[in-house]
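Scroll down for the structure; my scribbles are underneath it.
Count residues from 1 along the sequence.
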Amino acid sequence: MAAQSITLARPYARAAFELARAEGALAAWSQALAFSAQVSADPRVVALSNDPRVQPEQLVALHLPDASKADGAFGKFLTELAERRRVSLLPDVAALYETYKRESESQLLVKVTSAMALDAAQTEQLKASLKRRFKREIELETQVDPSLLAGVVIDTGSEVIDGSARGRLQRLANALTN
């Protein structure tokens with residue numbers, strides 16, 4: 001189901017990105033989509049989104065951030081989704097939009113999982129190394145997982161670099177059994 005949702009969301013995310021870029025409002029659309037995606041994920045809203053008695057205008061009003069107007073570009077975008085009963089796609093649309101936005105800004109979101117929390121100097125050193133390797137600005141998302149034992153796992157979305165002690169032990173075990 002998730003793959004189908006992503007497939008359906010992709011053209012909407014691309015359209016949102018193109019509209020936002022044409023307006024010069026990438027950050028504003030990012031915030032608006034994040035708000036709408038959060039609303040859309042609420043179980044009570046999911047039930048309303050599937051209710052044929054709820055009018056598209058009501059769905060738009062529910063998903064529209066306070067600063068946006070229903071007749072503005074974002075409001076019209078939400079209207080398209082609501083009329084097609086596709087507001088449930090908003091979390092995927094928002095995630096894909098963020099990917100397009102980062103690509104346009106030559107940024108790369110890198111998820112770093114470490115055995116222990118990284119200090120500021122380690123974080124900056126890692127960002128600098130990744131920037132040299134990928135030739136893009138780096139946005140780090142860090143988390144701690146003590147089960148790694150030591151080291152880090154770096155996930156760029158298209159590549160995973162496992163420098164953890166747990167990963168090395170697994171590779172050694174695989175080499176010994178094969």
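A distance of 8.5 Å separates CG in Leu8 from OG in Ser88, rounded to the nearest 0.5 Å. For the atom pair CG (Leu90) and CZ (Phe35), the distance works out to 11.0 Å, reported to the nearest 0.5 Å. Atom CG of Leu26 and atom CD of Gln31 lie 11.5 Å apart (nearest 0.5 Å).
Residues passing the side chain to side chain donor-acceptor pair (under 3.5 Å) test with Asp155, sequence neighbours excluded: none. Gln55 pairs by the side-chain contact (heavy atoms from CB on, under 4.5 Å) definition with Glu57, Gln58, not counting sequence neighbours. Judged as a side chain to side chain donor-acceptor pair (under 3.5 Å), and not counting sequence neighbours, Arg85 has no contacts. Partners of Ser30 according to the side chain to side chain donor-acceptor pair (under 3.5 Å) rule, which considers only residues two or more places apart in sequence or in another chain, are Glu98. Leu109 meets the side-chain contact (heavy atoms from CB on, under 4.5 Å) test with Arg102, Lys111, Glu139, Glu141; sequence neighbours excluded. For the side-chain contact (heavy atoms from CB on, under 4.5 Å) test, residues two or more places apart in sequence or in another chain that qualify with Ala9 are Leu89, Asp92, Val93, Leu96. In this structure, the side-chain contact (heavy atoms from CB on, under 4.5 Å) partners of Asp162, at least two apart in sequence or on a different chain, are Val153, Ser164, Arg171. Legend: residues meeting side chain to side chain donor-acceptor pair (under 3.5 Å) with Thr177, ordered by chain and number and at least two apart, are absent. Legend: residues meeting salt bridge (charged side-chain N to carboxylate O under 4.0 Å, His left out) with Arg10, ordered by chain and number and at least two apart, are absent.
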Item to check | Val144 and Thr113: CA distance, side-chain angles, deciding distance, side chain to side chain contact (heavy atoms under 4.5 Å, CB included) verdict | outcome: CA-CA 6 Å; Val144 175; Thr113 306; over 6 Å; no

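For residues 22-41, no residue pair satisfies the salt bridge (Lys or Arg N to Asp or Glu O under 4.0 Å) rule, not counting sequence neighbours.
Of all heavy-atom pairs spanning Phe17 and Ser104, the tightest one is CZ-CB, 3.6 Å. When every heavy atom of Ala37 is checked against every heavy atom of Ala94, the shortest pair comes out as CB-CB, 3.9 Å.
In this structure, the side chains of Ile154 and Val160 stay at 4.5 Å or more apart for every pair of heavy atoms. In this structure, the side chains of Asp42 and Gln38 stay at 4.5 Å or more apart for every pair of heavy atoms. In this structure, the side chains of Leu59 and Ser49 come closer than 4.5 Å at one or more pairs of heavy atoms. Residues Pro91 and Ser40 are in side-chain contact: their nearest non-hydrogen atoms beyond the backbone lie under 4.5 Å apart. Here the side chains of Asn174 and Leu176 are not in contact, with every heavy-atom distance at 4.5 Å or above.
In this structure, the side chain of Ser36 engages the main chain of His63 through a donor-acceptor pair within 3.5 Å.
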Could you go through residues 126-137 and list every donor-acceptor pair under 3.5 Å that involves a side-chain atom there, pairing it with any protein atom two or more places apart or in another chain?
| residue | atom | partner | partner atom | Å |
| --- | --- | --- | --- | --- |
| Ser129 | OG | Gln125 | O | 3.1 |
| Ser129 | OG | Arg132 | NH2 | 3.3 |
| Lys131 | NZ | Glu137 | OE2 | 2.8 |
| Arg133 | NH2 | Glu159 | OE2 | 2.6 |

Side-chain donor-acceptor pairs of residues 72-83 under 3.5 Å, sequence neighbours excluded:
| residue | atom | partner | partner atom | Å |
| --- | --- | --- | --- | --- |
| Thr79 | OG1 | Gly75 | O | 2.8 |
| Glu80 | OE1 | Arg84 | NH1 | 2.6 |
| Glu80 | OE1 | Arg84 | NH2 | 3.4 |

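Both the sub-6.0 Å distance and the 45° axial angle are not jointly satisfied by Arg86 relative to the ring of Tyr12.
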